[in-house]
Amino acid sequence: MFTNGQRQEERTGKYGTPRVQYLQELVAQFQNASNEELKEKIVANLANFAYDPYNYTFLRQLNVLELFLDCITEPNEKLIEFGAGGICNSCVDPANAAVITKCDGVPLLIQCLSSPVKNTVNYALGALYYLCNVSTKEAILRPEVVNIIRRYAAAGGVSISFSNLARSFLDKHVPENR
């Protein structure tokens, strides 16, 4: 369920922690964590907050989008998965999409299309769907990327989610598929 200021105040209560402060605490915990499992849990938690438009401003203010992108560059597949999930959850917002694009998120998401983790691929497909626009389509619609997406579109017997996301991407962004 999406949040608004009044609902958040009701849920937080008189003595609760304001959302921005809570998110800042999560970011600080992530930055100070040396345990990979703890980092995974924190990024998964942040990615869950990234679906709600109420949090978008806070995510930008606290550089959480950049944290998600940093996670995609890690060797830990769970951090990559949750980082890609956070990007996918937040990139529908144009201001978030601009940050992701400015921070070279598109090539990182394209790399995620080759991940052995299904969720990572799904998140990358979803994010690229929303990030593909006039300023990014040259990078996203390169023949090798479109070919990967076409293979996912044809893989309905293997994975319906890959197939449906890939078909939606092709229908919207690749002219010869219209």
Side-chain angles (χ1 to χ4, degrees), residues 1-13 15-133 135-137 139-140 161 165 169:
M1 178 184 302
F2 294 132
T3 305
N4 61 38
Q6 179 184 346
R7 186 171 189 304
Q8 184 58 36
E9 192 174 312
E10 291 167 359
R11 291 180 69 211
T12 303
Y15 302 106
T17 304
R19 178 64 55 90
V20 69
Q21 182 182 340
Y22 181 74
L23 292 171
Q24 176 61 58
E25 289 170 6
L26 286 175
V27 170
Q29 287 175 14
F30 178 84
Q31 291 169 336
N32 295 322
S34 55
N35 177 326
E36 287 291 303
E37 191 174 326
L38 179 58
K39 282 184 166 188
E40 293 166 6
K41 288 179 183 178
I42 294 167
V43 174
N45 198 353
L46 287 167
N48 285 335
F49 281 103
Y51 83 93
D52 191 339
Y54 179 79
N55 299 317
Y56 290 167
T57 301
F58 306 140
L59 297 176
R60 289 190 302 274
Q61 176 185 335
L62 299 171
N63 297 318
V64 174
L65 302 171
E66 291 86 341
L67 185 147
F68 290 147
L69 291 170
D70 287 344
C71 287
I72 293 174
T73 67
E74 294 291 324
N76 179 324
E77 288 294 341
K78 284 289 188 189
L79 287 178
I80 295 169
E81 176 185 352
F82 299 140
I87 294 298
C88 183
N89 287 349
S90 61
C91 72
V92 68
D93 177 69
N96 290 345
V99 170
I100 294 162
T101 302
K102 184 180 124 235
C103 293
D104 294 324
V106 168
L108 294 174
L109 290 162
I110 289 170
Q111 289 175 356
C112 288
L113 293 175
S114 302
S115 173
V117 179
K118 282 184 174 185
N119 283 340
T120 301
V121 175
N122 274 331
Y123 295 143
L125 283 168
L128 290 170
Y129 177 91
Y130 286 108
L131 292 172
C132 191
N133 59 41
S135 66
T136 61
K137 73 179 186 178
I140 295 174
S161 62
L165 273 169
F169 179 93

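Heavy-atom basis, side chains included; hydrogens, waters and symmetry copies ignored. The first residue in the sequence is number 1, and the count goes up from there. What you see is a predicted model; the values in this text were computed from it and never measured.
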task: Check the pair I140, F169 against side chain to side chain contact (heavy atoms under 4.5 Å, CB included), reporting the backbone distance first and the verdict last.
output: CA-CA 11 Å; I140 295 174; F169 179 93; 3.6 Å; yes
task: Applying ring-ring contact (aromatic ring centres under 6.0 Å, His included), name anything that partners Y56, two or more places apart in sequence or on another chain.
output: none
Intermediate values then yes/no, side chain to side chain contact (heavy atoms under 4.5 Å, CB included), L69 and L65: CA-CA 6 Å; L69 291 170; L65 302 171; 5.6 Å; no
- prompt: Between NZ of K41 and CD of Q29, what distance do you get to the nearest 0.5 Å?
  reply: 12.0 Å
query: For F49, which residues count as a ring-ring contact (aromatic ring centres under 6.0 Å, His included) partner, sequence neighbours excluded?
result: Y22
message: My understanding is that only residues two or more places apart in sequence, or in another chain, count here; which of them pass ring-ring contact (aromatic ring centres under 6.0 Å, His included) with Y129?
response: H173
- prompt: So which heavy atom on D70 is nearest to which on T73, and how close?
  reply: O-OG1, 2.6 Å
- prompt: Is there a side-chain contact between E36 and L79, using heavy atoms and a 4.5 Å cut-off?
  reply: yes
- request: Identify, with sequence neighbours excluded, every residue that meets salt bridge (charged side-chain N to carboxylate O under 4.0 Å, His left out) alongside K39.
  value: none
statement: Heavy atoms of G83 and F68 approach each other most closely as O-CB, 3.5 Å
- prompt: When rounded to the nearest 0.5 angstrom, what distance separates CG in D104 from CG in L109?
  reply: 11.0 Å
- request: Take S115 and Y123, measure what side chain to side chain contact (heavy atoms under 4.5 Å, CB included) needs, and give me the verdict at the end.
  value: CA-CA 11 Å; S115 173; Y123 295 143; over 6 Å; no
- prompt: Between A47 and G85, which heavy-atom pair has the shortest distance, and what is it?
  reply: CB-C, 4.3 Å
- prompt: Quick one: does L125's side chain get under 4.5 Å of S161's, heavy atoms only?
  reply: no
query: Rounded to the nearest 0.5 Å, how far does CZ of F58 lie from CD of Q24?
result: 12.0 Å
Non-hydrogen side-chain atoms of L128 and L113 separated by less than 4.5 Å: yes
field: Closest heavy-atom pair and its distance - S90, G86
entry: OG-O, 2.9 Å
task: With sequence neighbours excluded, tell me which residues meet side chain to side chain donor-acceptor pair (under 3.5 Å) with N89.
output: none
field: Exercise: identify the closest heavy-atom pair between T136 and C132
entry: OG1-CA, 3.3 Å
message: I'd like to check N63 versus L67 (side-chain heavy atoms, cut-off strictly below 4.5 Å). Are they in contact?
response: no
query: How long is the span from the CZ atom in F82 to the CG atom in N48, to the nearest 0.5 Å?
result: 9.0 Å
query: Side chains of I72 and C112: does their closest heavy-atom pair fall under 4.5 Å?
result: yes
message: Quick check for you: to the nearest 0.5 Å, what is the distance between D52 atom CG and R19 atom CZ?
response: 6.5 Å
Heavy-atom side-chain proximity of V117 to I80 below 4.5 angstrom: no
query: Quick one: does V64's side chain get under 4.5 Å of L23's, heavy atoms only?
result: no
- prompt: What's the spacing between K102 NZ and E66 CD if we round to 0.5 Å?
  reply: 6.5 Å
message: Please identify which of these residues, N122, N119, N76, T120, meets the side-chain hydrogen bond (donor to acceptor under 3.5 Å, both in side chains) condition with E81.
response: N119
field: Note, V99 side chain near L59 side chain (heavy atom, < 4.5 Å)
entry: no
Pair E25-Q21, side chain to side chain donor-acceptor pair (under 3.5 Å): steps then yes or no: CA-CA 6 Å; E25 289 170 6; Q21 182 182 340; 3.3 Å; yes
message: Please find the pair of heavy atoms, one from I110 and one from A139, that lie closest to each other, and give the distance.
response: CD1-O, 3.7 Å
- line: Sequence neighbours excluded, the answer for side-chain contact (heavy atoms from CB on, under 4.5 Å) partners of K118 is F162
